[in-house]
Amino acid sequence: MIDYDNVCFNIASFIGGLFVLEFGADKFVDHTAKVAERLRIPPTLIALLTAGAEWEELVVVIAAIAQHESPLAMGNIVGSSISNILGAFSLGLIFSSTNTTFDKSAKIYTGVLLGVTTLFTLFILFFQNLGRFGGVVLILTFVIYIISIAWAIYKGIVEPPVDSDSDSDSDSESSDSSDDDDESFAPLKKTGNRSISPQSSTTTLHGNDNEHDIETAPKSSRKSRSRSASPTPLPQQDPEACPLAEEMFDEVNLGDPVQVQKAGKHSTPYHLANLTFGFLALSLSGYILSHSISTISASFNLSSSLLGVTLLSFATTLPEKLVSIVSSRRGESGIVIANTAGSNIFLVTLCAGVLFCSGDLASLKLEGVTTFEVGAMWLSSVVLFGIVMFGGRRWMGWALFGAYVAFIGGEFVLDRRS
């Protein structure tokens with residue numbers, strides 16, 4: 001007898017856990033980058049470990065392992081790899097206004113993805129008996145990938161991955177505005193008969209031998225005024241008819257610096273506190289998601305790996321789908337590839353390595369993913385590589401998305417019971 005009250009509660013918990021997961025991931029990644037920058041860690045390494053890295057997926061994997069649900073973790077890894085290509089990348093092609101072409105860096109990233117996916121596929125199908133040793137090999141593969149890509153970026157062979165986290169854009173902008181250089185004042189610069197203050201938006205004074213003009217530059221029009229060749233003067237006035245203006249000019253000294261109040265920098269303890277808060281949110285969300293999915297699978301007598309491949313992977317990759325749509329509409333194909341290839345490399349190397357090093361290997365053999373699912377993951381990588389090499393078309397996006405719908409439907413039609 002199915003307890004529908006318990007099922008509804010766990011579905012609600014699952015949805016709430018998704019919001020906590022995304023919030024925690026934003027906090028953790030943004031402030032980790034800030035702390036790394038304060039510690040003088042190279043920007044290339046920061047970009048590799050934040051852009052395209054699926055830290056929230058790693059948290060879900062660890063939480064599933066802690067609750068003795070290794071098949072759920074494996075299903076999430078394979079399902080997310082498929083969803084990132086057939087579900088997210090396909091939407092990027094569909095919503096692109098023109099045919100999509102990809103640069104050299106995108107081709108290298110997808111080539112690396114195809115290589116590591118092939119390695120992971122062979123490991124699952126033929127060498128899973130290696131167990132812990134195989135997990136170590138996968139983790140070492142991730143380390144080699146980071147070092148190799150960092151070297152290639154340093155040599156100018158590829159471009160660094162672009163940050164793909166759309167939800168953290170506003171946070172990053174507000175944080176950057178408060179973390180700018182802490183200059184407290186800047187002197188006025190004189191150009192001809194104008195004086196320009198690069199940081200002040202209050203009053204700009206203009207004068208010559210015969211007249212004195214006052215131009216007030218509102219903050220909203222500061223940039224447009226600074227780009228214009230000459231300001232639009234106000235109607236000329238006779239200095240004798242306006243003694244107040246004469247007195248005002250007598251009090252102005254263009255050589256004195258103009259003090260500008262700016263927000264102070266956030267301290268390193270502030271970023272460390274937010275980093276810790278984000279990590280705690282990630283840990284909580286991982287526990288909520290894995291526990292709720294396990295309960296739902298038990299209620300309907302379904303395999304946990306099945307729900308990991310379908311429901312959990314679809315839900316945890318929703319941000320990637322949104323990023324792919326927004327980036328493609330802007331014509332930023334590099335972000336789409338960084339989002340897809342970087343995420344999948346992270347999943348099949350580091351996440352899978354952690355699973356095989358610390359998970360329940362016996363349950364993985366009994367209730368792990370099927371050959372059909374592993375084959376779908378590898379074939380998706382092959383198709384992605386082909387599209388990136390020869391260019392993407394909108395009909396290709398529709399074909400990939402249709403294949404994803406068919407894959408999800410086929411999973412439930414096979415009706416794998418636990």
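Both backbone and side-chain heavy atoms feed into the values below; hydrogens, waters and symmetry mates do not.
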| said: Checking S285 now: which residues fulfil side-chain hydrogen bond (donor to acceptor under 3.5 Å, both in side chains) with it, not counting sequence neighbours? | reply: none
| message | So, using side-chain hydrogen bond (donor to acceptor under 3.5 Å, both in side chains) as the criterion, who are the partners of D103 when residues are at least two apart? | response | none
| remark: For S343 and N84, the nearest pair of non-hydrogen atoms, with its separation, is CB-ND2, 3.6 Å
| remark: For T310 and L306 the tightest heavy-atom approach is OG1-O, 2.8 Å
| field | Shortest non-hydrogen separation from C357 to I139 and the atoms involved | value | SG-CD1, 4.0 Å
| note | Nearest heavy-atom contact between L289 and G17 is CD2-C, 4.0 Å
| For V382 and L114, what are the C-alpha separation, side-chain angles and deciding distance, and is it a side chain to side chain contact (heavy atoms under 4.5 Å, CB included)? | CA-CA 6 Å; V382 173; L114 180 57; 3.7 Å; yes
| query | Going by heavy atoms in the side chains, are F277 and H31 under 4.5 Å from each other? | reply | no
| query | For L361, which residues count as a side-chain contact (heavy atoms from CB on, under 4.5 Å) partner, sequence neighbours excluded? | reply | R132, F356, L364
| task | Please round to the nearest 0.5 Å and tell me the distance separating atom CD1 of I94 and atom CE of M396. | result | 13.0 Å
| field | N/O donor-acceptor pair under 3.5 Å between S324 side chain and A88 backbone | value | yes
| said: Could you check whether any side-chain heavy atom of F127 comes within less than 4.5 Å of a side-chain heavy atom of F133, counting everything from C-beta outward? | reply: no
For a quick test of your reading: what N or O donor-acceptor pairs under 3.5 Å do the side chains of residues 346-354 make, sequence neighbours left out?
unit_1, atom_1, unit_2, atom_2, d
T349, OG1, I345, O, 2.4

| task | With sequence neighbours left out, write down each residue that passes side-chain hydrogen bond (donor to acceptor under 3.5 Å, both in side chains) with S96, or none if nothing qualifies. | result | T100
| request: Provide the closest heavy-atom pair for S83 versus Y404 in the form atom of the first, atom of the second, distance. | output: OG-OH, 3.3 Å
Between side-chain atoms of residues 72-82 and protein atoms elsewhere (two or more places apart, or another chain), which donor-acceptor pairs fall under 3.5 Å?
unit_1, atom_1, unit_2, atom_2, d
N76, OD1, S80, OG, 3.3
N76, ND2, E57, OE1, 2.8
S80, OG, E57, OE2, 3.4
S80, OG, N76, O, 2.8
S81, OG, I77, O, 2.9

| Less than 4.5 Å apart, any side-chain heavy atom of S267 and any of Y270? | yes
| said: Let's go through E411 and I408 carefully: what are the C-alpha distance in whole Å and the side-chain angles of both, what is the deciding distance for side chain to side chain contact (heavy atoms under 4.5 Å, CB included) to 0.1 Å, and is it a yes or a no? | reply: CA-CA 5 Å; E411 284 291 288; I408 297 296; 5.6 Å; no
| message | Please check: side-chain N/O of T110 versus main-chain N/O of K107, any donor-acceptor pairing under 3.5 Å? | response | yes
| query | What's the shortest heavy-atom distance between S327 and V336, and which atoms? | reply | CB-CG2, 3.8 Å
| task | Sorted by first residue and then second, give each ring-ring contact (aromatic ring centres under 6.0 Å, His included) pair with at least one member in residues 359-396; sequence neighbours left out. | result | F372-F407
| Is the closest side-chain heavy-atom distance between N274 and H271 below 4.5 Å? | no
| Taking atom CZ of F142 and atom CD1 of I147, what is their separation to the nearest 0.5 Å? | 10.5 Å
| Quick one: does N301's side chain have a donor or acceptor within less than 3.5 Å of a partner on S297's backbone? | no
| query | If you look only at pairs with a residue in residues 74-103, which of them pass as a ring-ring contact (aromatic ring centres under 6.0 Å, His included), with sequence neighbours excluded? | reply | none
| Can you name the side-chain contact (heavy atoms from CB on, under 4.5 Å) partners of L125, sequence neighbours left out? | T121, T371, V374
| said: Can a donor-acceptor pair be found, under 3.5 Å and without considering hydrogens, that links the side chain of S305 to the backbone of P71? | reply: no
| said: To the closest 0.5 Å, what do you measure between OG1 (T118) and CG (L113)? | reply: 8.5 Å
| field | Distance (rounded to the nearest 0.5 Å) between L307 CG and L312 CG | value | 8.5 Å
| Chi angles and distances behind the side chain to side chain contact (heavy atoms under 4.5 Å, CB included) call for V61, I65 | CA-CA 6 Å; V61 168; I65 294 172; 3.9 Å; yes
| query | About how many Å separate NZ of K27 and CD of E22, when rounded to the nearest 0.5 Å? | reply | 13.0 Å
| field | Non-hydrogen side-chain atoms of H291 and E69 separated by less than 4.5 Å | value | no
| Expected output: side-chain S363 to main-chain D360 donor-acceptor under 3.5 Å | yes
| Close side-chain approach of R394 and L93, heavy atoms under 4.5 Å | no
| field | By side-chain contact (heavy atoms from CB on, under 4.5 Å) - contacts of L318 (at least two apart) | value | F314, K321
| request: Please list, chain by chain and in numerical order, all residues satisfying side-chain hydrogen bond (donor to acceptor under 3.5 Å, both in side chains) with S290, sequence neighbours excluded. | output: Q67
| query | Hey, does the side chain of S90 reach the backbone of L400 with a donor-acceptor pair shorter than 3.5 angstrom? | reply | no
| request: Tell me, please, which residues at least two apart from I11 pass side-chain contact (heavy atoms from CB on, under 4.5 Å). | output: V7, I15, I296
| query | What distance separates L355 CG from L138 CG, expressed to the nearest 0.5 Å? | reply | 9.5 Å
